[in-house]
Structures are given as structure tokens and as C-alpha cells.
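Naming convention: chains lettered A, B, ... in sequence-line order (proteins, then strands); numbering from 1 in each chain. Just so you know, these numbers use all the heavy atoms, side chains as well, and skip hydrogens, waters and symmetry mates.
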Amino acid sequence: MSVSSSYKLQTTVRALRSRYGEISWWPGDCDEVMIGAILTQQARWEQVTRALAVLRSRGLCSIAALSSAHIRDIEDAVRCTGFFRIKAKRLQSLAAHVVNTYGSVAAMEHVPTAVLRADLLSVNGIGEETADSILCYGFSRTSFVIDAYTEKILRCTGIHEPRWSLKALLESALPCDNQEYRKTHAYIVEYAKEFCIKKRCDTCILVNLSG
DNA sequence: GACCAGGTCCTTG
DNA sequence: CAAGGACATGGT
């Protein structure tokens, strides 16, 4: 990664921080974060909230419950998030993996971040973003979440690093602190929502932040 | 009706 | 290894 990318990133993060300040994001216990991380794949957060409420009301909003639930019941509960059959399958894969490998979510707390990350990635349906969301927002680790918005917005500020290197770039730019990681990723998504970033965004609107 | 949402996996060229 | 398609509901 280049020195100029680092510098641009520092400027961008400062601008976002001064715009949004303290924001809290993705509350809920670790089980809920893990479930939400899968449900939010290619879905709006409002729908995820609805699905989580349905799961809670049916006693299915925990890894333990999901691991022993009928797949049809899970499908029915998460229908509103789209891709409901594949997401139900992914939820059960994750739940089964946690129960079989660790016994419980609590038992995962002492696993080193790098090990836990690799382990999560081995579960079918959990990719980089989902794994990092779980690590950062569920287990309070310093693992930065890179999503489509991050790549898009940083490109708008002149940072043309490939997606795979953005994670390292962000992690070297930020203080090694979970709260900083949470907030910065949240800033990016809030900014994206606020300015309705579309797939074909090619104009740099972020410059307005520093001006 | 068209387009898209805080991705991931599998198949092709 | 990059590109393209599949997965699916609900909001604008």
C-alpha cells in the first residue's frame, strides 16, 4: 500500500469522524450479531431487524436454538431478508459448527482473533465481511470490516487499492481499538446511506466533508 | 415494472 | 484467477 493512500485515508477518516462523532451501531449480544451478520448479506438492515424480532418471538434467536431447530422454521422466520433458503442453511451451518467445535458461543471468547477468523471463514456461507462483522461487533475484536461501501467510498477519495488490501490499510491507519473500528465502519455505511451511493457512483462527493 | 440492498458460493472461460 | 450467475424478498 502506498504512502499517499495512507495519507488520504487519514484525512477521510478524520472528516468522517468530525461529521458523525459518537455513534453506536449494531447493539445486541454475540449470538444476535452472528445471526444478523448472515441475515444482512445483500439485504437492508430494517428487514434484518424484523427477522431478528421474529426469531426472538419464536425462541430461535440463539446459536443453541438454531442448532436444533427445523430448517423450515428458520426459513419461515428469516423470509423477509431474501435468499431465505440459503440463509437458513447458513445459519444452521454456523450454529452446528459452533456447537460441535466449541460447545457454546461463550467458549469462543478466549480463541485468538486470527484463529477465530480462519475458523469462521471455514464455515459455508461466511465470507470475509461476515467473519469480520462477527469478530468486530460480536466478539469486540480489532478486525476491520470491509464492505462494498468501503471500497466505493474510498475509491471516491482517490484510494484505488484493491479490496483485499483495504483491510490492512484501514487497520494500519486506525488506533488498535475495537471502538474505533466499530465507529469507523459505521461512519462509512452511514455516509453511504446519507448520500445514496449507487453501484455506478463515480463522482467524489466525499471532498465536501473536508471543505 | 425496473432496480437494488451492509455477500457468498459455484461455474465458466 | 476474473467474470458471471444464482440465491429471493421487500422498498423506492
Side-chain angles (χ1 to χ4, degrees), chain A residues 12-13 16 19-20 23-28 30 32-55 66 71-97 117-141 143-156 160-167 170-171 174 178 180-202 205-206:
Chain A
T12 303
V13 170
L16 288 168
R19 181 181 189 84
Y20 296 107
I23 56 179
S24 85
W25 219 52
W26 210 329
C30 197
E32 249 189 61
V33 171
M34 288 196 276
I35 295 165
I38 286 174
L39 295 182
T40 197
Q41 294 171 353
Q42 204 66 22
R44 293 169 207 278
W45 185 251
E46 296 73 45
Q47 307 298 353
V48 175
T49 304
R50 286 176 54 195
L52 286 172
V54 174
L55 285 168
L66 288 174
I71 190 74
R72 291 314 179 98
D73 291 335
I74 304 176
E75 288 178 356
D76 191 55
V78 305
R79 185 174 301 268
C80 67
T81 66
F83 300 147
F84 64 94
R85 275 183 277 266
I86 199 164
K87 284 179 181 176
K89 200 177 304 175
R90 288 173 180 181
L91 286 173
Q92 249 189 352
S93 296
L94 174 61
H97 182 80
R117 186 169 195 274
D119 185 54
L120 287 169
L121 288 173
S122 76
V123 178
N124 187 281
I126 296 189
E128 308 251 330
E129 181 180 340
T130 306
D132 288 329
S133 294
I134 291 172
L135 289 168
C136 183
Y137 293 99
F139 290 96
S140 298
R141 306 300 177 92
S143 198
F144 197 86
V145 182
I146 302 294
D147 58 9
Y149 286 156
T150 311
E151 190 180 15
K152 215 165 299 174
I153 286 174
L154 294 186
R155 206 190 343 260
C156 287
H160 296 278
E161 302 285 338
R163 188 164 178 174
W164 59 264
S165 77
L166 288 178
K167 180 175 167 66
L170 263 296
E171 293 184 352
L174 294 173
N178 175 255
E180 291 298 317
Y181 279 46
R182 288 178 181 250
K183 284 190 293 184
T184 304
H185 175 65
Y187 293 156
I188 289 169
V189 178
E190 289 302 320
Y191 185 82
K193 285 184 186 167
E194 186 174 349
F195 290 93
C196 293
I197 302 269
K198 297 290 201 299
K199 279 193 171 166
R200 304 270 158 79
C201 164
D202 55 7
I205 53 180
L206 200 65

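- When the nearest nucleotides of DNA chain B are assigned to A:Gly125 and A:Val189 by heavy-atom distance, the more 5′-ward of the two goes with A:Val189.
- Residues from residues 71-87 of chain A that place a heavy atom under 4.0 Å from any atom of DNA chain B, listed by number: A:Phe83.
- Remark: the separation of the P atoms in C:dA2 and B:dG6 is 26 Å, to the nearest Å.
- Atom CD of A:Gln47 and atom P of B:dG7 are 14 Å apart (whole Å).
- The aromatic rings of A:Trp25 and A:His185 sit perpendicular to each other, their planes meeting at more than 60°, with 30° as the lower class boundary.
- One interatomic measurement links the two molecules: NZ of A:Lys89 to P of B:dC10, which rounds to 10 Å at whole-angstrom precision.
- The backbone N or O of A:Cys136 lies less than 3.5 Å from a partner atom in the side chain of A:Asn178, making a donor-acceptor pair.
- In this structure, A:Glu151 atom CD and B:dA5 atom P are separated by 14 Å, rounded to whole Å.
- Atom-to-atom, CZ of A:Arg50 to C1' of B:dA5 comes out at 14 Å; the value is rounded to the nearest Å.
- The CH2 atom of A:Trp45 sits 17 Å away from the C1' atom of C:dG10 (whole-angstrom rounding).
- When the C1' atom of B:dG7 is taken as reference, atom CH2 of A:Trp164 falls 20 Å away, rounded to whole Å.
- Paired with A:Ser133 under the rule side-chain contact (heavy atoms from CB on, under 4.5 Å), one option of A:Val145, A:Leu120, A:Ile38 passes, and it is A:Val145.
- With hydrogens and angles left out, the side-chain atoms of A:Arg182 and A:Ser140 include a donor and acceptor closer than 3.5 Å.
- Residue contacts shown for A:Ile126 are limited to sugar-phosphate atoms, with no base heavy atom under 4.0 Å away.
- With hydrogens and angles disregarded, no donor-acceptor distance shorter than 3.5 Å links the side chain of A:Thr40 to the backbone of A:Gly36.
- On the P atoms, C:dA8 is 22 Å away from B:dG1, given to the nearest whole Å.
- In this structure, A:Glu128 reaches the sugar-phosphate backbone alone: every heavy-atom distance under 4.0 Å involves primed, P, OP1 or OP2 atoms, never a base.
- A distance-only check finds a donor-acceptor pair linking the side chain of A:Lys87 to the backbone of A:Thr81 [under 3.5 Å].
- A gap of 22 Å separates the P atoms of B:dT8 and C:dG10, to the nearest Å.
- Protein atom CG of A:Leu39 is 13 Å distant from nucleotide atom C1' of C:dT9, rounded to whole Å.
- Heavy atoms from other residues, nucleotides or ligands lying under 6.0 Å from NZ of A:Lys89 number 12 at most.
- Taking every side-chain heavy atom of A:Ala148 into account, B:dG7 is the closest of B:dA5, B:dG7, B:dC9.
- Applying the Watson-Crick and G-U wobble criteria (two distances, each under 3.5 Å), B:dA2 pairs with C:dT12.
- Panel note: side chain A:Gln41, backbone A:Thr130; no donor-acceptor pair is recorded below 3.5 Å.
- In this structure, A:Ser133 does not reach the B:dG6 phosphate: none of its side-chain N or O atoms is under 4.0 Å from OP1 or OP2.
- Listed pair A:Gln42 / B:dG7 meets the phosphate criterion, a side-chain N or O lying under 4.0 Å from OP1 or OP2.
- The NZ-P distance, from A:Lys193 to B:dC4, rounds to 18 Å in whole Å.
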